[in-house]
Amino acid sequence: MHETGSEFLTPPRAWFARDALELAPVLLGTRLISTIGTEPVELVITETEAYRGRHDPGSHAFRGMTARTEVMFGEPGHLYVYFTYGMHWCANIVCGRPGEASAILLRAGRIVKGEEQAKRRRPASRSIRDLAQGPARLTKSLGIDGEQNGLDLLSPSTPVQLVTDTTAEDGGLDISTGPRVGVSGPGGDGEFFPWRFWITDDQTVSRYRPGKKPALRQPGRPE
DNA sequence: ATTAGGATCTTCT
DNA sequence: GAAGATCCTAATG
């Protein structure tokens, strides 16, 4: 096997400047490295969700720019971190062109480094599998909160780095798609669109509403 | 394995 | 004033 040959690099700004539906599956298999705190934590992104800016009724940006959504309207490659349910933080990567307000929600990951640190942050975790199994669990494991809202992933001194394996084969991952969580389609007709992406059969992918929503295999259409 | 209810507070109507 | 891009615990099959 090729133990050597992996080369993890941070992609350039232009890599983030594309449509959310295109970038969301590409983010699968890439890694996040957090140096927040004493011990670095690294994970492989296993589940993402696309939010297509101000034209997407499911997006926070749909009602226009507010204090909360300001970061989404800015430059791609920054972190949009929001607070929800009175206690949880969720992280997005801003994408598309400035002003578009598109972003990718990071829904789940597989911890590959700093498991001890992650577990310290998530005492309720029962196994390595569920450490970052869910958007709020993912941020908790990495130590991300409101402090990181607006953070530039491409800053030389960023405490949260995104890296891709430049030697990996394109299309080497089996990717599934399905409806977003609790978000109806852009037509407002209650139809669900497959704008969620995950690595097929990966055990760290978040689980909710068990058993009822079949996963679709076709990518969602833009409008 | 699955479900129900509670926690907790910002954001925008 | 209500809902929210969620998680945890406890109880039940």
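Sequence lines set the chain letters: A, B, ... in the order given, protein chains first and strands last, and positions in each chain run from 1.
At a threshold of 4.0 Å, the pair A/Glu47-A/Arg196 counts as salt-bridged, since one of the basic side-chain nitrogens sits closer than that to a carboxylate oxygen. A salt bridge does not link A/Asp19 to A/Arg97: none of the charged side-chain nitrogens sits closer than 4.0 Å to a carboxylate oxygen.
The distance from atom CD1 of A/Ile93 to atom C1' of C/dA5 is 15 Å, rounded to the nearest whole Å. Spacing between atom CG of A/Leu105 and atom P of C/dA5 amounts to 10 Å, rounded to whole angstrom units. To the nearest angstrom, C1' of C/dA5 lies 15 Å from CZ of A/Phe197. Regarding A/Phe62, its CZ atom lies at a distance of 14 Å from the P atom of C/dA5, rounded to whole Å. Going from atom CD of A/Glu49 over to atom C1' of C/dT6 covers 12 Å, rounded to whole Å.
Counting only Watson-Crick and G-U wobble pairs whose two distances sit under 3.5 Å, DNA chain B takes part in these stems of three or more pairs: B:1-7 with C:6-12, B:9-12 with C:1-4.
With hydrogens and angles ignored, a donor-acceptor pair under 3.5 angstrom links the side chain of A/Tyr82 to the base of C/dA5.
Looking at residues two or more places apart in sequence or on another chain, you find no side-chain hydrogen bond (donor to acceptor under 3.5 Å, both in side chains) involving A/Gln148. Remark: A/Thr166 engages A/Glu7, A/Leu9, A/Thr164 in a side-chain contact (heavy atoms from CB on, under 4.5 Å) (not counting sequence neighbours). Residues that satisfy the side-chain hydrogen bond (donor to acceptor under 3.5 Å, both in side chains) test with A/Ser125, not counting sequence neighbours, are A/Asp130. Residues satisfying the side-chain hydrogen bond (donor to acceptor under 3.5 Å, both in side chains) criterion with A/Arg110, sequence neighbours excluded, are A/Asp202. Under the rule for a side-chain contact (heavy atoms from CB on, under 4.5 Å), the partners of A/Arg68 that lie at least two apart in sequence or sit in another chain are A/His60, A/Thr66, A/Tyr80, A/Tyr82. With sequence neighbours excluded, no residue forms a salt bridge (charged side-chain N to carboxylate O under 4.0 Å, His left out) with A/Glu147.
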List, with names and distances, any nitrogen or oxygen atoms from the protein found under 3.5 Å away from nitrogen or oxygen atoms belonging to nucleotides 10-13 of chain B.
| unit_1 | atom_1 | unit_2 | atom_2 | d |
| --- | --- | --- | --- | --- |
| B/dC12 | OP1 | A/Thr66 | OG1 | 2.4 |

Spell out protein contact along nucleotides 7-13 of chain C as letters: B when the base is contacted, S when just the sugar-phosphate is, - when no protein heavy atom is under 4.0 Å; keep the 5' to 3' order. SS-----
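In this structure, the aromatic ring of A/Tyr51 is positioned over the six-membered ring of the base of C/dA5, centres within 5.5 Å and planes within 30°.
For the salt bridge (Lys or Arg N to Asp or Glu O under 4.0 Å) condition, the pairs that include at least one residue of residues 25-45 of chain A, sequence neighbours left out, are A/Arg31-A/Glu42, A/Glu39-A/Arg120, A/Glu42-A/Lys113. A ring-ring contact (aromatic ring centres under 6.0 Å, His included) check over residues 86-125 of chain A, counting only residues at least two apart or in different chains, returns the pairs A/Phe83-A/Trp89. Applying the ring-ring contact (aromatic ring centres under 6.0 Å, His included) test to every pair with at least one member in residues 8-28 of chain A, sequence neighbours left out, gives no pairs at all.
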